[in-house]
Amino acid sequence: MHRLGRSLHPLLRLLLALFLVNSAASEQPSIPKENLLVLTVATKEPDGFKRFMQTANHLNYTVKVLGAGEEWRGGNIPHSIGGGQKVRLLKEEMQNYADRDDLVVLFTDSYDVLFASGPEELLAKFQQFNHKVVFAAEGLIWPDNRLADKYPNVRRGKRFLNSGGIIGYASSINSIVEKWQLQDNDDDQLFYTKIYVDPVKRVALNITLDHKSNIFQNLNGAVDEVELKFEPTRVRTRNIIFDTLPVLIHGNKQTKHLLNYMGNYVPDAWTSETGCTICDTDLLEFSSLSKFPSVTVGIFIERPTPFLPEFLERLFSINYPPEKLTFFIHNKEVYHEKHIHTFWEKHKGKLKVKFVGPEEVLSEGDARNMGMDYCRQNPECDYYFNLDSDVVLTNPNTLKLLMQQNRRIIAPMLIQYKKLWSNFWGALSPEGFYARSEDYINIVERSRVGVWNVPYIAHVYLIKGEVLRTDLKEKNYFNLDRMDSDMSLCRNFREKGVFMYVSNLHEFGRLLPTEGYNASRLHSDLWEIFDNPLDWKEKYIHPKYSEIFTGGVVEEPCPDVFWFPIFSETTCDELVEEVENCGEWSGGKNEDKRLVGGYENVPTDDIHLTQVGLDQVWLHFIREYIAPVALKLFSGYHTKGFAMLNFVVKYTPERQAYLKPHHDSSTFTINIALNNKGIDYQGGGCKFHRYNCAVESPRKGWSFIHPGRLTHLHEGLPTTNGTRYIAVSFVDP
């Protein structure tokens, strides 16, 4: 045996010795967590570092930060080689522990790393390796693929070294880094790789790689290998290939958006049992402030947008001290100049506003750059609140609620009505475009509520002014590689490591679809009943409409003639203006080419809604708003909501003052007053002969509903002065 031992190759003798050492080590007691030293390098404290420290503190790690406040000279990682500064700082630190064989050192990146489990699990897994030093591993080689052939083969697992995570005994790590003689901008991973691929050094230093991601999970090249494992009170990242639960997750290279997604859950940021556990941490307490922060509100009207007057009026509903708000308004659309002018004339002197109109011929990106710079250049601007014109904020406390979260960039979650379209993306495609994350629908439908780190936000968001003056100091973030301005901005945020959050903790409002909006009409909002039904209802349906069904508002001036509120003042005015803008009044003649037979027995001076393109809108209005009323008032009758004749009638003493007695070709008729008696006209009204009953004082926006055939012979009473307008439909002819 002695003779055989002497004849063994020196390398084999070393391997045998290590085997005996490791066998003995496997029987050693657990390493106490007091013998763990966690080191990282952070010359600055970006969002990624803060997240790293949050997970570390939460899981009871004590982290020592190297290089704080030092200028970074380690190159442009991850876009080029570099990182040598990290080795130099580690080398300097490890000199303090050169003789500590009992101290375990974890050296890890921090800007793109988070902890998934605590020190006890980390140390137990390290001890199971039975090696002095364990490096993270990945399936892609960097930075010199010519070294691939020198790596030892592995039967199963990741073959190549990654320097983002190292764990080992202090004396052994010191033996590695003390060899560093290079510059700060040289490559740290190449340095460690050359040591590892040298078989003699690898064995002498007792180095191995974490081939199966027991401790370190690098996401680069492994996106399809990981999933979230949800437990009632915690969430882990699971490697489904090796069935392991790594302790540290590293979003290296182009996988930071995936790490951000995992960071929304791991280790327990959100769980099914606890909900969001970080939403109430580090909040801004307004009570602790000596004064409210100053906010620049950037408003952008970049395309024809429905309900813009209402959008502008809602600016006054923001629950925030008005003296602390300054507005920057860019309007690109000539169509909306009338709305801006009306708004300004009404509220002149109430707001501090800088207007930039279509005459400036600014691109959307240039306008948004200008608005953001308007805050950046003002040292007193504490926040920049971007608000696009297609945003409907129904929560007046939105601004305060976003501030309270104390994030550098945060958006309220908004969706289009009854759609999954929102103002954020949950994930990115490999090309950097939209991809649906696994939790997107949960967030949109608010089955999971919280504050979510996402790769894209748009339409409405709040940015701290200090971020614009530090991380985003340049003047162009919205014009990048022919991208849309919102995508350009978010890509810049991602590349600078600035996290974007979206909150669905509250109901904030909704987004308006604008793609089908036709601005060629006089009052284009009238046509929005299909695309934006909530806003259409708010603008055009009488505010007391809902009281029809709760009692107290419906009147019955004549038998089976019911009177109820249906249209707002705005609806009446805009409908009259639309038909007058058309101007093709029939003249009250019997001959009428608009009808199938070409003849009208009891003609009115009218314009059919088909003539102004409102026929389909009107039929939908009947089905949505008139049909429920008809069912309530005429119990048991279910209308089809069909009407062939829908028209606006004009009564004047000069053209047609009255209408002779007649029956309507309908099951029931609606007759809506579009202007005010006593103000716009005198006389008028409707008389029902069978009951010798007349309604002589119609109310603007109120409708009669009565049977059309057989029982309700009626006539239009003379208009003696001015012009009277009514809207009529013969329903279910």
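Counting from 1, the numbers follow the sequence of the chain as shown.
For the residue pair S524 / N518, no side-chain donor-acceptor distance below 3.5 Å is found, with atom types taken as modelled. Looking only at atom types and distance, the side chain of E313 has a donor-acceptor partner in the side chain of H347 under 3.5 Å away. A donor-acceptor contact closer than 3.5 angstrom is absent between the side chains of H714 and H689. Side-chain atoms of T604 and D606 include a donor-acceptor pair closer than 3.5 Å.
Counting only heavy atoms from C-beta outward, the side chains of L512 and D535 approach each other to under 4.5 Å. The shortest distance between side-chain heavy atoms of P653 and T720 does not fall below 4.5 Å. Put simply, the side chain of F647 reaches to within 4.5 Å of the side chain of F730, judged on heavy atoms. You'll find the side chain of F621 reaches within 4.5 Å of the side chain of I541, heavy atoms only. At a threshold of 4.5 Å between non-hydrogen side-chain atoms, the residues F642 and P733 count as touching. V617 places none of its side-chain heavy atoms less than 4.5 Å from the side chain of L609. In this structure, the side chains of T723 and Y681 stay at 4.5 Å or more apart for every pair of heavy atoms. Contact of the E310 side chain with the D525 side chain is registered, since non-hydrogen atoms from C-beta on lie closer than 4.5 Å.
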Derivation of the salt bridge (Lys or Arg N to Asp or Glu O under 4.0 Å) call for D732 and R709: CA-CA 11 Å; D732 296 342; R709 296 186 182 90; over 6 Å; no
From CA spacing to verdict: side chain to side chain donor-acceptor pair (under 3.5 Å), H330, E302: CA-CA 8 Å; H330 175 249; E302 301 302 319; 2.6 Å; yes
Residue pair M372, L489: steps toward the side-chain contact (heavy atoms from CB on, under 4.5 Å) verdict: CA-CA 11 Å; M372 188 174 282; L489 176 69; 4.1 Å; yes
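The minimum heavy-atom distance between E323 and K352, with the atom names listed, is O-NZ, 2.9 Å. What you find for G365 and S485 is that their closest heavy atoms are CA-CB, 4.1 Å. Of all heavy-atom pairs spanning T639 and A627, the tightest one is CG2-CB, 3.3 Å. Closest of all the heavy-atom pairs between P557 and F704 is CG-CE2, 4.4 Å. Closest non-hydrogen pair, S729 versus N646, comes out as OG-OD1, 2.6 Å.
Annotation for K350: atom NZ counts as buried by contact number, over 12 foreign heavy atoms lying within 6.0 Å. For Y658, the OH atom is loosely surrounded, since the number of other residues' heavy atoms within 6.0 Å does not exceed 12. The environment of CE in M644 is sparse: at most 12 heavy-atom neighbours from other residues, nucleotides or ligands sit within 6.0 Å. Remark: K640 NZ is loosely packed, at most 12 non-hydrogen atoms of other residues, nucleotides or ligands lying under 6.0 Å away.
The six-membered or imidazole ring of H712 lies away from that of H663, with a centre-to-centre distance of 6.0 Å or more. Aromatic pair Y540/W527: centroids not less than 6.0 angstrom apart.
Salt-bridge check for D531 with K419: failed, with every basic side-chain N at 4.0 Å or more from each acidic carboxylate O. Ion pairing between E696 and K677 fails under the 4.0 Å rule for side-chain N and carboxylate O. Using a cut-off of 4.0 Å between Lys/Arg side-chain N and Asp/Glu carboxylate O, E600 and R594 are scored as not salt-bridged. Ion pairing between R510 and E538 holds under the 4.0 Å rule for side-chain N and carboxylate O. Using a cut-off of 4.0 Å between Lys/Arg side-chain N and Asp/Glu carboxylate O, K332 and D366 are scored as not salt-bridged. K291 has no carboxylate O lying under 4.0 Å from a charged side-chain N of D382, or vice versa, which leaves the two without a salt bridge. At a threshold of 4.0 Å, the pair K539-E574 counts as salt-bridged, since one of the basic side-chain nitrogens sits closer than that to a carboxylate oxygen.
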Anything under 3.5 Å between a donor and an acceptor, one on a side chain of residues 389-402, the other on a protein residue two or more places apart or in another chain? List them.
| residue | atom | partner | partner atom | Å |
| --- | --- | --- | --- | --- |
| S389 | OG | F300 | O | 3.4 |
| S389 | OG | T305 | OG1 | 3.0 |
| D390 | OD1 | H459 | ND1 | 3.2 |
| D390 | OD2 | H459 | ND1 | 3.1 |
| T394 | OG1 | F508 | O | 3.4 |
| N395 | OD1 | N397 | N | 2.9 |
| N395 | ND2 | E507 | O | 3.1 |
| N397 | OD1 | N319 | ND2 | 2.5 |
| T398 | OG1 | N395 | O | 2.7 |

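Here the CZ atom belonging to R699 is positioned 15.5 Å from the CG atom belonging to N675, to the nearest 0.5 angstrom. In this structure, CZ in F385 is found 6.0 Å from CD1 in I318, a value given to the nearest 0.5 Å. The CD1 atom of I457 lies 11.5 Å from the OG atom of S422; values are rounded to the nearest 0.5 Å. From L284, atom CG reaches atom CE of M403 across 8.0 Å, with rounding to the nearest 0.5 Å. Expressed to the nearest 0.5 Å, how far CG of L387 lies from CZ of F327 amounts to 8.5 Å.
Remark: of the listed residues D388, D484, D486, D388 is the sole one forming a salt bridge (Lys or Arg N to Asp or Glu O under 4.0 Å) with R368. With D605 as reference, R655 is the one residue of K650, R724, R655, K589 to meet the salt bridge (Lys or Arg N to Asp or Glu O under 4.0 Å) rule. Among W452, Y461, Y456, Y440, the single residue meeting the ring-ring contact (aromatic ring centres under 6.0 Å, His included) criterion with F424 is Y440.
Of the possible donor and acceptor atoms, one in the side chain of N423 sits under 3.5 Å from a partner among the backbone N and O of P412. Side-chain atoms of S503 come within 3.5 Å of backbone atoms of L505 as a donor-acceptor pair (strictly under, hydrogens ignored). No donor-acceptor distance shorter than 3.5 angstrom exists from the side chain of R314 to the backbone of P309, with no hydrogens or angles considered. Here the side chain of H608 pairs no donor or acceptor atom with the backbone of T610 at under 3.5 angstrom. Checked by atom type and distance alone, the side chain of D560 never pairs as donor or acceptor with a backbone atom of H706 at under 3.5 Å. Side chain of N504 to backbone of G450: a donor-acceptor contact under 3.5 angstrom is found. In this structure, R448 contributes its side chain and N442 its backbone to no donor-acceptor pair below 3.5 Å. Distance alone, capped at 3.5 Å, places no donor-acceptor pair between the E337 side chain and the P358 backbone.
A perpendicular orientation is assigned to the rings of W702 and W563, their planes being inclined by more than 60° (bins at 30° and 60°). Relative orientation of the W536 and Y625 rings is parallel, given thresholds of 30° and 60° on the angle between their planes. Taking the six-membered ring for Trp and thresholds of 30 and 60 degrees, W344 and F355 have ring planes more than 60 degrees apart, a perpendicular arrangement. Classification of the H336-H339 ring pair by plane angle, with boundaries at 30° and 60°, yields tilted. Using bins of under 30°, 30° to 60° and over 60° for the plane-to-plane angle, the ring pair F328/Y374 lands in the tilted bin.
Listed by chain and number, the residues in a disulfide bond (SG atoms under 2.5 Å apart) with C693 are C558 (sequence neighbours excluded).
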